[in-house]
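This is a predicted model, so every value here is computed, not measured. Scope of the values below: all heavy atoms of this structure, side chains included, with no hydrogens, waters or symmetry mates.
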Amino acid sequence: MDNMDFTMKFEGAQQEKMTVEEAMKIVYRALKEKGYNPVNQIIGYLLSGDSSYITSYKDARGIIRKFERDEILEEIITKYLEESR
C-alpha cells in the first residue's frame, strides 16, 4: 500500500437491464398516479424530447430517459402491429 500511483478499476453491481416495455409500464403508472393523462404526456415527450412531460415521481423521468425516443417508438409500433394481426 506504499505505492498508490496506479489506477484501480471498480466494477459496481450490474443492474438487470430494463426493457422498453417494462419502462413504459412504470412511466404510465407513475403518470396515472399523479393524475396526468399518460398517453398525452408520453406523446408530448416523444414528439418534443422535453422530459418535463414526464413526472419525476417514482423516477419515471429518469427511467424513460434511459432509452432513445426512436427506440421507444419502434417498440410501441412493433407491439401494436403484432397485436393487430
Side-chain angles (χ1 to χ4, degrees):
M1 286 285 194
D2 293 334
N3 187 359
M4 296 295 286
D5 196 23
F6 56 92
T7 301
M8 297 282 293
K9 183 176 179 183
F10 176 78
E11 292 189 32
Q14 292 279 333
Q15 286 186 329
E16 280 190 39
K17 187 142 178 126
M18 183 180 293
T19 66
V20 172
E21 182 177 3
E22 293 167 334
M24 295 308 295
K25 287 179 180 179
I26 292 168
V27 170
Y28 181 91
R29 281 192 297 267
L31 288 164
K32 190 89 167 160
E33 286 177 22
K34 292 303 279 182
Y36 296 107
N37 180 322
V39 173
N40 287 348
Q41 296 303 113
I42 292 168
I43 288 170
Y45 169 70
L46 292 173
L47 290 176
S48 71
D50 183 356
S51 62
S52 67
Y53 278 98
I54 308 299
T55 182
S56 59
Y57 177 67
K58 293 191 174 180
D59 195 31
R61 188 177 298 155
I63 290 169
I64 202 167
R65 292 177 72 194
K66 291 179 181 178
F67 300 92
E68 296 293 329
R69 289 181 294 148
D70 61 334
E71 187 178 2
I72 296 169
L73 284 168
E74 180 181 349
E75 181 73 16
I76 291 169
I77 293 168
T78 300
K79 290 279 187 196
Y80 175 79
L81 292 175
E82 285 175 354
E83 291 176 9
S84 299
R85 291 185 197 178

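Shortest non-hydrogen contact noted between Ile63 and Ile26 is CD1-CG2, 3.6 Å. The nearest pair of heavy atoms linking Phe67 to Ala23 is CE1-CB, 3.5 Å. What you find for Glu22 and Lys17 is that their closest heavy atoms are OE1-O, 4.2 Å. Between Val27 and Ala60, the shortest heavy-atom distance links the atoms CG2-O, 3.5 Å. Shortest non-hydrogen contact noted between Arg69 and Tyr45 is CD-O, 3.5 Å.
Ile54 and Leu46 fall within a single hydrophobic cluster, where Ile, Leu, Val, Met, Phe, Trp and Tyr are joined by side-chain heavy atoms under 4.5 Å apart, directly or via other members. Criterion: ILVMFWY side-chain heavy atoms under 4.5 Å apart, direct or through other members. Under it, Leu31 and Leu73 are part of a common hydrophobic cluster.
No more than 12 heavy-atom neighbours from other residues, nucleotides or ligands sit within 6.0 angstrom of CZ on Arg65.
Salt bridge Arg29/Glu33: absent, no basic N to carboxylate O contact under 4.0 Å.
With sequence neighbours left out, the salt bridge (Lys or Arg N to Asp or Glu O under 4.0 Å) criterion links Lys32 to no other residue. Asp50 pairs by the side chain to side chain contact (heavy atoms under 4.5 Å, CB included) definition with Ser48, Ser52, Tyr53, not counting sequence neighbours.
Atoms OG1 and CD, from Thr78 and Glu83 in turn, are 11.0 Å apart once rounded to the nearest 0.5 Å. To the nearest 0.5 Å, atoms CD1 (Ile42) and CG (Asn37) are separated by 9.0 Å.
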What do the steps show when you test Thr19 against Met24 for side-chain contact (heavy atoms from CB on, under 4.5 Å), and what is the final call?
-> CA-CA 9 Å; Thr19 66; Met24 295 308 295; over 6 Å; no

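With contacts defined as side-chain heavy-atom distances shorter than 4.5 Å, the pair Lys66/Met18 does not qualify.
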